[in-house]
Amino acid sequence: MESDIYKADGFDDAIIGVDYNTGRIAYSVSKCITILMIDEQMTELDATEWFYFNVAGSYVGEGTPVWIDDTYDHNDLIL
């Protein structure tokens, strides 16, 4: 397992768990966007764009956090 596991600054309240195989921290995308809307007073659209470009789009190695998209409707999944 990678020894350097990274946290995303300012998103502690969005942590929803840890990846079982890698130990990487898992974050809720919707909670991250809500945090940006509240803390940075962004609109939902601005927060979403900023999150995907500046946060989820950043790769800092094997310890990069896992971003869980918890906004989908599981009923829409085709199994």
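Atom set for the values below is all heavy atoms of this structure, side chains included, hydrogens, waters and symmetry mates excluded. Numbering of residues begins at 1 and proceeds along the displayed sequence.
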Problem - Test log, rule side chain to side chain contact (heavy atoms under 4.5 Å, CB included), inputs Ile25 and Ile5 - result: CA-CA 7 Å; Ile25 299 169; Ile5 302 299; 4.1 Å; yes
Practice task
Would you sort out whether Ser28 and Ile68 count as a side chain to side chain contact (heavy atoms under 4.5 Å, CB included), showing the intermediate values?
Solution key: CA-CA 5 Å; Ser28 158; Ile68 305 299; 5.8 Å; no
Handout entry: From CA spacing to verdict: side chain to side chain contact (heavy atoms under 4.5 Å, CB included), Ile35, Asp13
Key = CA-CA 8 Å; Ile35 288 168; Asp13 289 339; 4.1 Å; yes
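Here the straight-line distance linking atom OG1 of Thr22 with atom CD of Glu62 works out to 9.5 Å at 0.5 Å rounding. Remark: Thr48 OG1 to Leu36 CG distance equals 8.5 Å, nearest 0.5 Å. In this structure, CD1 on Ile15 lies 5.0 Å from NZ on Lys7, to the nearest 0.5 angstrom.
The minimum heavy-atom distance linking Met37 with Thr43 is given by the pair CG-O, 4.0 Å. The two residues Ile33 and Glu44 make their nearest non-hydrogen contact at CG2-O, 4.3 Å. Counting all heavy atoms, side chain and backbone alike, Ala14 lies closest to Cys32 at CB-SG, 3.6 Å.
Evaluation of the ring pair (Phe, Tyr, Trp, His ring centres under 6.0 Å) test over residues 28-53, restricted to residues two or more places apart or in two chains, returns Phe51-Trp67.
Scored by the side chain to side chain contact (heavy atoms under 4.5 Å, CB included) test, Thr34 finds Ile38 as partners (sequence neighbours excluded). For Val18, there are no side chain to side chain contact (heavy atoms under 4.5 Å, CB included) partners two or more places apart in sequence or in a different chain.
Crowding of Asp9 atom CG: a count of heavy atoms from other residues, nucleotides or ligands under 6.0 Å not exceeding 12.
Panel note: side chain Arg24, backbone Thr64; a donor-acceptor pair is recorded below 3.5 Å.
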